[in-house]
2 protein chains.
Amino acid sequence: MQTVGFENHDHTVCVGVGMKAAEDVCAAQGLRLTKGRRRVLEILLQEHRAMGAYDILGMLSDEGFASQPPVVYRALDFLVANGFAHKIQKLNAYIACAHPGDSHTPVFLICRACETVAETAAPLQSTLGEAAEKIGFKIETTIVEAEGMCPRCRETETAV
Amino acid sequence: MQTVGFENHDHTVCVGVGMKAAEDVCAAQGLRLTKGRRRVLEILLQEHRAMGAYDILGMLSDEGFASQPPVVYRALDFLVANGFAHKIQKLNAYIACAHPGDSHTPVFLICRACETVAETAAPLQSTLGEAAEKIGFKIETTIVEAEGMCPRCRETETAV
DNA sequence: ATCGAAGCGTTATATTATATCAAGTCATCC
DNA sequence: GGATGACTTGATATAATATAACGCTTCGAT
Ligand SMILES: [Zn+2]
Ligand SMILES: [Zn+2]
Ligand SMILES: [Zn+2]
Ligand SMILES: [Zn+2]
């Protein structure tokens, strides 16, 4: 599992891999990757950045989809529930999963200057789970979001 | 540093300790713990739970404070910026810091059934920081929120 | 073909948060 | 003591994010 987000890369591959992974998982689990859900995932993969729900909604309605919020929130709920996308709580934004197919606890690195988001992972699940279990808390999902400065913004940084 | 949130405890002590810590930090750093800021922190300490901004605003306006959103958001901004309170992103809610005075990266354990929040800590700062640094990302702040079931709700749980 | 579950279109509304500008407060300097 | 400037507050308005509810359609299984 590698960190995705700051390096350059062949982007059509990202989209292809992401869509394929979603299709496979849906086929295997009997989930329906309907037109709207598919298109939202494509948008997130193509843009490769955290997008607000209303940004996506704007693109959808430009393309002839209905233009009401539930259209996009329903699609996002589906994608997030099934691990094809994640919500970045800090930004109230959504991003395609960079490690589709794998079961994982994502760690997001969020640049405070440009808001670029990279998805990586850290082996904290067990550490945290054990600590929580000691006080009787059963962890089911974990959100980890780290804010700071990405490599590019650090280069061009003037003041701290 | 201990986990705070699920066990029973003498609550007047929490409030006293929290207010004292805030007063000390403000005195030391030349910050102004004004009437509204003080009252919001008191409310958060007394309630000892994650509260929505508008919940707090309702209490403030009942007490004669102005009743516009900026009143409470400004106070919360101050408290969060100075470490006296934290924002729980997952809940869009705010909670008094359980470890005031210490510099720390809090870890929140959030019960999905009752929404009780406990603040604890995990030694993941260094692990995560090193991993990020390898790709040139400089972490400044980290949000960790774990959702699951608290001890009390696990006892009374019927279905999973 | 019928049935039930899941999905979608649509209207309306709820919830959370910020922009802006004028006025007040406080410490400091002279 | 008055001028200064930084910070704080009051107040109006609006932005941004998200959900409720209801009826219709589509899909897949029997
Ligand atoms: Zn992922
Ligand atoms: Zn950046
Ligand atoms: Zn804390
Ligand atoms: Zn609980």
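Here is the naming used below: chain letters follow the sequence lines, and residue numbers restart at 1 for every chain.
Cluster membership check: B:Leu57 does not share its hydrophobic cluster with B:Leu91, using side-chain heavy-atom separations under 4.5 Å among Ile, Leu, Val, Met, Phe, Trp and Tyr.
In this model, no side-chain donor or acceptor of A:Arg37 finds a partner on the base of C:dG7 within 3.5 Å. Counting distance only, with no hydrogens placed and no angle test, the side-chain atoms of A:Arg32 and the base atoms of D:dG28 include no donor-acceptor pair under 3.5 Å. With hydrogens and angles ignored, a donor-acceptor pair under 3.5 angstrom links the side chain of A:Tyr54 to the base of D:dA18.
Side chain of B:Arg39 to backbone of B:Leu60: no donor-acceptor contact under 3.5 angstrom is found. Remark: side-chain polar atoms of B:Gln89 are not paired, donor with acceptor, to backbone N or O of B:Ile143 under 3.5 angstrom. In this structure, the side chain of B:His104 does not engage the main chain of B:Thr120 through any donor-acceptor pair within 3.5 Å.
At a threshold of 4.0 Å, the pair B:Arg154-A:Glu133 counts as salt-bridged, since one of the basic side-chain nitrogens sits closer than that to a carboxylate oxygen.
Remark: B:Lys87 is in phosphate contact with C:dA17, judged by side-chain N or O atoms under 4.0 Å from OP1 or OP2. The phosphate of C:dT15 has neither OP1 nor OP2 within less than 4.0 Å of any side-chain N or O from B:Asn92.
Nearest nucleotide to the side chain of B:Arg74, out of D:dT8, C:dC21, C:dC8: C:dC21. Of all nucleotides listed (D:dA21, D:dA13, D:dG10), D:dA13 comes nearest to the side chain of B:Pro69.
Whole-Å rounding puts the A:Leu60 CG to C:dG9 C1' distance at 14 Å. Between the CG atom of A:Leu31 and the P atom of D:dG28 there is a distance of 13 Å, given to the nearest Å. Here C:dA17 presents its P atom at 10 Å from CD1 of B:Ile56, a figure rounded to the nearest Å. Atom CZ in A:Arg39 sits about 18 Å away from atom C1' in C:dC8, given to the nearest Å. Taking atom CG of B:Leu76 as the reference point, atom P of C:dT16 lies 12 Å away to the nearest angstrom. B:Gln89 places its CD atom 12 Å from the C1' atom of C:dT16, with the value rounded to the nearest Å. Atoms CD (A:Gln68) and C1' (D:dG23) sit 15 Å apart, rounded to a whole Å. Atom pair A:Lys90:NZ and C:dT16:C1' shows a separation of 15 Å (rounding to whole Å applied).
Using a 4.0 Å heavy-atom criterion, one finds that A:Phe65 contacts no nucleic acid atom at all. If you check every strand for non-hydrogen atoms under 4.0 Å, A:Tyr94 touches sugar and phosphate atoms only.
Residue-to-nucleotide proximity on DNA chain D shows that, of B:Pro70 and A:Tyr73, the 5′-proximal contact is made by B:Pro70. Nearer the 5' end of DNA chain C, as judged by each residue's closest nucleotide, is the contact made by A:Gly36, out of A:Gly36 and B:Asp55.
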